[in-house]
Amino acid sequence: MESILEVRNLVKRFGGLVAVSDVSFRVQRGQIKAIIGPNGAGKTTIFNLITGVDSPTAGEIRFKNSEINGLKPHEIAAKGISRTFQNVQLFDNMTVLENVMVGRHPRTVSGLLSSALRLPRTKSEERAIHTAAMERLNFVGLDSSSQDLAVNLPFGQQRLLELARALATDPELLLLDEPAAGLNSFEAGLLADLILKIREHGTTILLVEHDMELVMDISDEIVVLNYGKKIAEGTPVEVQNDQQVINAYLGEGP
Amino acid sequence: MGAKNRISLGVLVGGLVLLPLFMRNPYYIGVMVFIGLYSLITIGLSLLMGYAGQISLGHAAFFATGAYTSGILTTKAGFAPVPAFFTAILLTACVAFLIGIPTLRLKGHYLAMATLGFGQIVYIILNASVEFTGGPSGFGEIPRIQLGSILIESQISRYCLVWSLVILVLIFSLNLINSRVGRALRSIHGSELAANAMGVNTSKHKIQVFVLSAIYASMAGSLYAHFVTFISPSSFDLKFSILVVTMVVVGGMSSVWGALVGTFLLGLLPELLRNFRDYDILVYGFVLLLIMVFTPEGLIGLIDRLKGAQEKRSLKAQAKLS
């Protein structure tokens, strides 16, 4: 199988703190892969490195066989990697629909002048953006709230809105940072169905998650981090039976 | 542009057309001319502050660049006012671009301080380079604008020119807000982190809107120079930069309409406060204080809130009926 993302010997230091220490893994195209580990294991840092928010101290990140470390976040988004955030980062000042319309940004071209002068091609592009955004809202089931301000949505729906917005960029690789955090078990179940549906549409998914039931349910493979180091990698069954993983989560036995 | 904006625009244009029919006193038309000049600047600032979430305390400098470029080119280089107007735009845009690249990397208070510093530098240059600008005493005899056979000299012709330009700038800006680029700008205000992750080149868009707002200020400056025919640095000091920012904040940063409301209020207030004589500045300050305490989201926010309350009441009334 072709690997869509390859992380090689990744290191990130913040001053004296080593947040990520020599981590390597691959994500195969069409896979759902999870990164798990106790708090402070470096999971979100890895996401920030992949999406260009932080730059790695050492190591290499390759997306579709080309190196992406050093690129700016918006360039990485344009290449086909999108993400959601652990602490929901919506555009509170905009409507639900407009939030998703922003997601079409890297797939559209209208500039300042043609936008302000309402040139015909801008108008037709605007209609296309609207249609595409409504499709994504429909997909996550938020189409009826399209005109509400994003800030007024209940928390669970805000997570879905972030998902719709990320999908609007037509990502080939979607990074989900604790998508189930703050959701009740019913909502988490709906989320799991959505994630599986997204994968069916051909999008590869890499997620960080604490909800173990969700992770074990939907992941094809799991990477386990502890103190910035990779301690295990494999299928959910393999990982659950790994002694190092059990120690990291439950503490070492007598 | 949305139905709401079209209606507001229609009301504004209607009011502007009717106003001179009822208000024959050229003095008040003159006040409206100045409100128009201020509006050009505050619409741009509203895009920068309210939509892109960036502040500038140095917009007097762009107003000055427009005024001085137009003034110097027409008095010393033999330019006609119209080509000078466009040259001034080009020059101001270049200055704003060069200043924007380093300063827009800053955020919040730091950005405010950097733009304030830039405004002061321009102010000092205007005072110091005496052979070009006439120094602190400025220079006069700037020719009036000639459009075809019409010489823009009377208050009413200035009124028509400046408000036509305001309406064009307003339509341009409203179109921009409700477009791909406008949404990108607003997303920066909402969450720069998420905007970047959605592929928005935030630094590019910030500079674009900064340059655009500088261009609007330059237009106002050029017109100002040809209207009053005499310019000196004292019109372009820090007080001016603060005044235009205050207009935007008082009116409300949530829309460009807020900027217009604020500009009208602070433009008319000194006229309305004439009866208070020496105490006018006290009352002026008190009015500002009241607005900021009771409607921190600006006057436009107050209007929205009243509308919301009314809708709630009518919903309740309907519920009672059924």
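By convention in this document, chain letters (A, B, ...) are assigned in the order of the sequence lines, proteins followed by strands, and residues within each chain are numbered from 1.
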- Item | Leu90(A), part contacting chain B, at a heavy-atom distance under 4.5 Å | backbone

- Which atom pair, heavy atoms only, marks the closest approach of Ala197(B) to Phe85(A)? CB-CZ, 3.8 Å

- Gap between atom OG1 of Thr95(A) and atom CZ of Arg183(B) - 0.5 Å precision: 9.0 Å

- Give, for atom OG of Ser179(B) and atom CG of Leu119(A), the distance between the pair rounded to the nearest 0.5 Å. 11.0 Å

- Counting only heavy atoms closer than 4.5 Å, note whether Glu75(A) contacts chain B via side chain, backbone, both or neither. neither

- Message: Would you compute the distance between atom NZ of Lys204(B) and atom NE2 of His74(A) and round it to the nearest 0.5 angstrom?
- Response: 8.5 Å

- Task: Measure Val109(A) against the heavy atoms of chain B and call it side chain, backbone, both or neither at under 4.5 Å.
- Result: backbone

- Do you know which of Val53(A), Leu112(A), Thr122(A), Leu113(A) has the most heavy-atom pairs with chain B at a distance under 4.5 angstrom? Leu112(A)

- Query: For Met198(B) and Pro106(A), which heavy atoms make the closest approach, and how far apart are they?
  - Reply: O-CD, 3.0 Å

- By a 4.5 Å heavy-atom criterion (distance strictly below it), what part of Met101(A) contacts chain B: side chain, backbone, both, or neither? both

- Query: Tell me, side chain or backbone of Glu126(A) under 4.5 Å from chain B's heavy atoms, or both, or neither?
  - Reply: side chain

- Query: Quick check: are there more than 12 heavy atoms from other residues, nucleotides or ligands sitting under 6.0 Å from CZ of Phe14(A)?
  - Reply: yes

- Task: Take Asn178(B) and Arg118(A), measure what side chain to side chain contact (heavy atoms under 4.5 Å, CB included) needs, and give me the verdict at the end.
- Result: CA-CA 10 Å; Asn178(B) 295 300; Arg118(A) 283 284 129 134; 4.2 Å; yes

- Message: Please classify the contact of Arg107(A) with chain B as side chain, backbone, both or neither, using a heavy-atom distance under 4.5 Å.
- Response: neither

- Any luck finding a side-chain donor-acceptor pair between Thr108(A) and Arg180(B) under 3.5 Å? yes

- Query: Got a second to check how far Asn175(B)'s CG is from Ser114(A)'s OG, nearest 0.5 Å?
  - Reply: 11.0 Å

- d(Ser187(B) OG, Gln89(A) CD) to nearest 0.5 Å is 11.5 Å

- Task: Drop me the distance from Met253(B)'s CE to Asn93(A)'s CG, to the nearest 0.5 angstrom.
- Result: 11.5 Å

